[in-house]
Chemist: 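Quick one: structure below, then a few questions.
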Amino acid sequence: MNDWQRKSPLDWETYVNKMVKVAAVEKHEYEGWVLTVDPVSASIVLATFLENEKVSISVVLGHAVQEVEILKEGDNEMKQRLSCIFAPEESKAYSPEELEKRKNDLKTWLETNHIPVTEQGELGRTLCVAGVLSIDPPYGPEECSSSNEIILSRVQGLIQGYLEKQQ
């Protein structure tokens with residue numbers, strides 16, 4: 001077990017969102033922004049930004065790490081860029097007003113199409129369709145849940161069609 005593997009997760013966390021140079025076995029060197037360190041294997045996940053906003057991800061296995069040198073601290077903008085790498089496109093942040101509008105528009109559309117819908121939860125943020133399906137913010141097909149797969153599939157299809165017409 002090498003020195004890197006002996007570190008604790010709290011030690012590894014200090015490297016997250018920083019530009020590092022990793023010296024690995026057989027004189028290999030890797031540079032990139034640390035996205036995370038796997039707490040079990042001590043493997044380092046590095047991100048490198050290429051042209052055209054593309055990102056290259058590489059993993060340096062924990063047992064191969066010999067030395068990690070911090071080259072640069074990440075500013076808030078870099079931390080934001082790194083945090084969005086694996087986030088799906090649809091998961092952009094919506095303001096409370098936008099979420100309320102999306103909920104009300106979808107609810108109105110469902111009611112117009114004779115689909116029974118109610119609001120549930122403390123804040124009324126969850127839509128409930130026919131008592132068997134729930135739709136959470138931001139009210140897309142992925143946020144639907146139901147134990148009835150047939151209803152789930154059909155309502156997801158309806159919502160997908162509705163959202164495509166909105167765009």
Side-chain angles (χ1 to χ4, degrees), residues 2-107 109-110 125-127 134-145 149 152-167:
N2 62 33
D3 288 342
W4 177 256
Q5 289 174 298
R6 284 191 194 92
K7 290 185 182 287
S8 75
L10 289 174
D11 294 330
W12 292 321
E13 190 177 27
T14 62
Y15 291 88
V16 174
N17 294 327
K18 294 186 175 135
M19 170 70 90
V20 298
K21 181 192 286 186
V22 180
V25 294
E26 298 182 9
K27 296 188 168 94
H28 289 285
E29 282 193 348
Y30 304 90
E31 262 187 40
W33 293 92
V34 178
L35 281 172
T36 190
V37 179
D38 176 52
V40 175
S41 67
S43 298
I44 305 171
V45 181
L46 297 174
T48 310
F49 292 97
L50 310 170
E51 64 274 351
N52 303 336
E53 290 297 310
K54 294 200 185 292
V55 180
S56 171
I57 303 293
S58 48
V59 178
V60 183
L61 300 179
H63 66 84
V65 175
Q66 291 181 325
E67 186 182 345
V68 180
E69 176 188 348
I70 295 175
L71 302 175
K72 186 174 164 187
E73 297 279 332
D75 58 10
N76 285 337
E77 183 184 333
M78 182 52 71
K79 289 177 184 174
Q80 183 64 37
R81 283 180 77 187
L82 292 168
S83 71
C84 292
I85 289 177
F86 291 116
E89 289 290 318
E90 309 84 48
S91 73
K92 66 178 185 177
Y94 291 99
S95 71
E97 296 79 25
E98 288 174 311
L99 285 176
E100 189 66 23
K101 182 180 181 332
R102 286 176 64 92
K103 179 186 78 172
N104 291 334
D105 290 351
L106 179 59
K107 183 179 179 191
W109 182 81
L110 289 168
R125 295 183 63 199
T126 301
L127 293 177
S134 62
I135 310 168
D136 293 313
Y139 309 104
E142 303 83 26
E143 288 78 38
C144 294
S145 59
E149 290 183 32
L152 177 63
S153 173
R154 291 203 176 144
V155 172
Q156 283 177 320
L158 287 172
I159 293 173
Q160 185 65 45
Y162 161 74
L163 290 174
E164 285 170 3
K165 284 180 186 169
Q166 297 297 98
Q167 292 176 350

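The residues of the chain are indexed from 1 along the displayed sequence. Every heavy atom of this structure was used, including side-chain atoms; hydrogens, water molecules and symmetry mates were not.
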Chemist: Mind running side chain to side chain donor-acceptor pair (under 3.5 Å) on Q160 and Q156 for me, showing each step along the way?
Modeler: CA-CA 6 Å; Q160 185 65 45; Q156 283 177 320; over 6 Å; no
Chemist: Identify the heavy atoms of T48 and E31 that sit nearest to each other, and give their distance.
Modeler: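 Answer, listing the atom of T48 first, then E31: OG1-O, 3.4 Å.
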Chemist: Less than 4.5 Å apart, any side-chain heavy atom of V65 and any of I44?
Modeler: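 Side chain of V65 against side chain of I44, heavy atoms only: contact under 4.5 Å found.
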Chemist: Before you tell me yes or no, could you show the steps for D3 and K7 under salt bridge (Lys or Arg N to Asp or Glu O under 4.0 Å), namely the whole-Å CA-CA distance, both residues' side-chain angles and the distance that decides it to 0.1 Å?
Modeler: CA-CA 7 Å; D3 288 342; K7 290 185 182 287; over 6 Å; no
Chemist: Looking only at heavy atoms, what is the nearest atom pair of T126 and Y139, with distance?
Modeler: N-OH, 4.5 Å
Chemist: Mind listing the side-chain donor-acceptor pairs of residues 68-79 below 3.5 Å, one per line with the distance, residues two or more places apart or on another chain?
Modeler:
from : atom 1 : to  : atom 2 : distance (Å)
D75  : OD1    : E77 : N      : 3.4
D75  : OD1    : M78 : N      : 2.8

Chemist: Side chains of K103 and P137: does their closest heavy-atom pair fall under 4.5 Å?
Modeler: no
Chemist: In a table with atom names and distances, give each donor-acceptor pair under 3.5 Å that connects a side chain of residues 12-27 to protein atoms at least two apart or in another chain.
Modeler:
from : atom 1 : to  : atom 2 : distance (Å)
W12  : NE1    : W4  : O      : 3.1
T14  : OG1    : D11 : O      : 2.5
K18  : NZ     : T14 : O      : 2.5

Chemist: Above 12 or not: heavy atoms from other molecules or residues under 6.0 Å from CZ of R125?
Modeler: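 Not buried by this count: 12 neighbours or fewer within 6.0 Å.
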Chemist: Looking only at heavy atoms, which two atoms of L163 and P141 are closest? And how far apart?
Modeler: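 In this case the closest contact between L163 and P141 is CD1-CD, 3.6 Å.
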Chemist: Please report the C-alpha distance between S145 and S134 in whole Å, then the side-chain angles of each, then the deciding distance to 0.1 Å, and finally whether the side chain to side chain donor-acceptor pair (under 3.5 Å) criterion is met.
Modeler: CA-CA 5 Å; S145 59; S134 62; 2.9 Å; yes
Chemist: Is the count of non-hydrogen atoms from other residues, nucleotides or ligands lying under 6.0 Å from Q166 atom CD greater than 12?
Modeler: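 Yes.
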Chemist: Could you check if a side-chain atom of L99 sits within less than 4.5 angstrom of a side-chain atom of P138, using non-hydrogen atoms only?
Modeler: yes
Chemist: Could you grab the distance from atom CZ of R102 to atom CG of L106, nearest 0.5 Å is fine?
Modeler: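 These two atoms lie 8.5 Å from each other.
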Chemist: Looking at Q5 and A42, would you say the former's side chain and the latter's main chain have a donor-acceptor pair under 3.5 Å?
Modeler: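 Checking the backbone N and O of A42 against the side chain of Q5, no donor-acceptor pair under 3.5 Å is found.
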Chemist: Once you round to the nearest 0.5 Å, how far does OG of S43 lie from CG of L61?
Modeler: 4.5 Å
Chemist: Of the options V37, V60, T36, which is the one that meets V45 in a side-chain contact (heavy atoms from CB on, under 4.5 Å)?
Modeler: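 So, applying the side-chain contact (heavy atoms from CB on, under 4.5 Å) to V45 and each of V37, V60, T36, only T36 qualifies.
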Chemist: Is a donor on one side and an acceptor on the other found under 3.5 Å between the side chain of N2 and the backbone of G62?
Modeler: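 Confirmed, N2 side chain pairs with G62 backbone.
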Chemist: Apply side chain to side chain contact (heavy atoms under 4.5 Å, CB included) to residues L46 and I57 and explain how you reach the verdict.
Modeler: CA-CA 6 Å; L46 297 174; I57 303 293; over 6 Å; no
Chemist: So do N104 and W109 actually touch side chain to side chain, heavy atoms under 4.5 Å?
Modeler: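 The answer is no; the side chains never approach within 4.5 Å.
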Chemist: Which heavy-atom pair separates I135 from G140 by the least distance, and what is that distance?
Modeler: CG2-O, 4.2 Å
Chemist: Enter the distance from I85:CD1 to Q80:CD here, rounded to the nearest 0.5 Å.
Modeler: 11.0 Å
